[in-house]
2 protein chains.
Amino acid sequence: MARAWHLKSRPEAMPAPENFELREFEQTQMGHGMIRVANQWLSVDPYMRGRMRDVKSYVPPFAIDAPLEGGAIGEVVESNAEGFAVGDMVQHGAGWRDEAVVNAAEAQKLPDLGIPVQSFLGFLGMPGMTAYFGLLDVASAKEGDIVFVSGAAGAVGSTVIQIAKAKGMTAIGSAGGQEKCDWVKSLGADAVIDYKAEGELMPKLMKAAPNGIDVYFDNVGGEHLDAAFAVANPGARFAECGMISGYNSTEPMEFRYIMNIIGKGLNVRGFIVTQFMDRMGEFHADMGAMLQAGKLTSQETVHEGLESQVDAFIGLFTGGNTGKMLVKV
Amino acid sequence: MARAWHLKSRPEAMPAPENFELREFEQTQMGHGMIRVANQWLSVDPYMRGRMRDVKSYVPPFAIDAPLEGGAIGEVVESNAEGFAVGDMVQHGAGWRDEAVVNAAEAQKLPDLGIPVQSFLGFLGMPGMTAYFGLLDVASAKEGDIVFVSGAAGAVGSTVIQIAKAKGMTAIGSAGGQEKCDWVKSLGADAVIDYKAEGELMPKLMKAAPNGIDVYFDNVGGEHLDAAFAVANPGARFAECGMISGYNSTEPMEFRYIMNIIGKGLNVRGFIVTQFMDRMGEFHADMGAMLQAGKLTSQETVHEGLESQVDAFIGLFTGGNTGKMLVKV
């Protein structure tokens, strides 16, 4: 019998183990066009927090007492679908479980690029596309720009840093703790701010970016976003990708420098990666070239076993990951 | 001897009469190319508050113990400049005073359009251009859009309402008090919210805009901006023109719905009207046509006498004006 994490109750603030339960569940029938997948890698992403709220959003909320969902990679162990054979490696959306029966039309067979399959959940997958189109399209970042990236040790942020450097920009990152900062620096960042170190963020950012910033890639919101408003150059572009600092808060976010949007003529744009799905080819081509040129490094934080997924998920909000957070089933 | 309002000290929060002093001052010399203007109309604008702070911004701060400046209209009483004759009506930037000596190259002779000259400080001047380009260019508002405008009884907001209606949009305004709301309604607004009436703003906006909003023209910031984040439709565009609710506050602004920027893919753009100066002809042509078609109504709140300018200025922040705030010297 397959097991899946179910949402028992909606977290009010920080998610806790009590909000989740690992249960056996009735698998979808193996109808025509279906495949059964033994999951090997489960994705753990900040956006999942939003789906635990009962509000209308760009993805429907998770239902109480139903299995959770998310990105996953696994091996086909039974196939009723043309073009899918036992042994194929696929990516699909039925994560948070050890085995999934999914519609093959909604699964992608993974090409063999000679890189670990879990990369398709990371810098070759949604986080990578988010970094790529957020930086180059939403924020229109170009050679010579000074780019500030929060959450720079995360799956998205660390990719933004590397794309920025590969494209001739100055990259300034922010991360929590010396170890993560060192790693971000090793990716080529020109400066890294440890937001957990003593002192307020804004003066640290002013010091790291004495000539201001032209682009802010926001994964964090809150104090980081406010500091970016403070040091932004006229006409700076903000790609609003995430505001993880607010995902578990019931308090409003506070801004002292938001009025700079007007005086500096800032352009603040939110986006969801799904709007760029039709440009996946462009992304794979350019990222592939950067990979082959040795310009991309990925890092993963791996939790072992389906049992560990809730811990991994909570860890996203407590600084538990460097690079992409994954569960190895 | 000419008199001008001088900035005695920088207001910390709400400006008070003690921050200002009406003093005689040494007039600039009447060198070549200069004109002497007897001011008749002085502009009173929210942006002036920003110049009273000692911070780098898009306009330099006012200096302590120096005359204040601002838009003004008056009659040439002495001319050392080619093309300017005694009796000409001109617009220039040396307001807050009864008489000004200015470089004619920085003054504009007013065309005779058969409308009151002070209109060039209002809906045919900077506030009108701000409304026009903010709505149509910054927010890319187009026929069929649902537009929400805060500060709708102000010089800029009331013009936004009228341009929106003239261009086939749904216009929802917000203003303080029944009288102002009635006036905004009379301009053609489809719905008007009294933000001073009992109850929170957000539910009022949801009721006034049951199908959400496609465009928000922000003059106010704070709670209004947060409510706009809450009810915005996916892909909505925000033109950030002013945040008057924060101009006199030392507290941060609080937002509960700012994360909607991401999930709804909002585009939030700040702007300063000066960036559109090279398109003044386009503005005059289109506004002129709307004027002749009877689609524009202006209203003024006029304070009499140079002595009243500080009261008029403080009145901007206490709801003292409907339409354009002016001082008649």
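So that the names make sense, note that chain A is the first sequence line, chain B the second, and so on, each numbered from 1. Bear in mind that the values here come from a model prediction, so they are computed numbers and not experimental data.
For residues 236-249 of chain B, the interface with chain A (any heavy-atom pair closer than 4.5 Å) comprises B/Glu240, B/Cys241, B/Gly242, B/Met243, B/Gly246, B/Tyr247, sorted by residue number. Proximity to chain A among residues 252-261 of chain B is limited to B/Pro252, B/Met253, B/Glu254, B/Phe255, B/Arg256, B/Ile258, B/Met259, B/Ile261, judged by heavy-atom separations below 4.5 angstrom.
For A/Gln275, no part lies under 4.5 angstrom from a heavy atom of chain B. Contact annotation for A/Leu266: only backbone heavy atoms (N, CA, C, O) come within less than 4.5 Å of a heavy atom of chain B.
Scored by the ring pair (Phe, Tyr, Trp, His ring centres under 6.0 Å) test, A/Phe123 finds no partners at all (sequence neighbours excluded). For B/Phe276, the ring pair (Phe, Tyr, Trp, His ring centres under 6.0 Å) criterion is met by B/Phe133, not counting sequence neighbours.
Around CE of B/Met14, the count of heavy atoms belonging to other residues, nucleotides or ligands within 6.0 Å exceeds 12. Shown here is A/Met277, whose CE atom has more than 12 heavy atoms of other residues, nucleotides or ligands within 6.0 Å. The environment of NZ in A/Lys196 is crowded: more than 12 heavy-atom neighbours from other residues, nucleotides or ligands sit within 6.0 Å.
Going from atom CD1 of B/Ile272 over to atom CD1 of A/Ile262 covers 7.0 Å, rounded to the nearest 0.5 Å.
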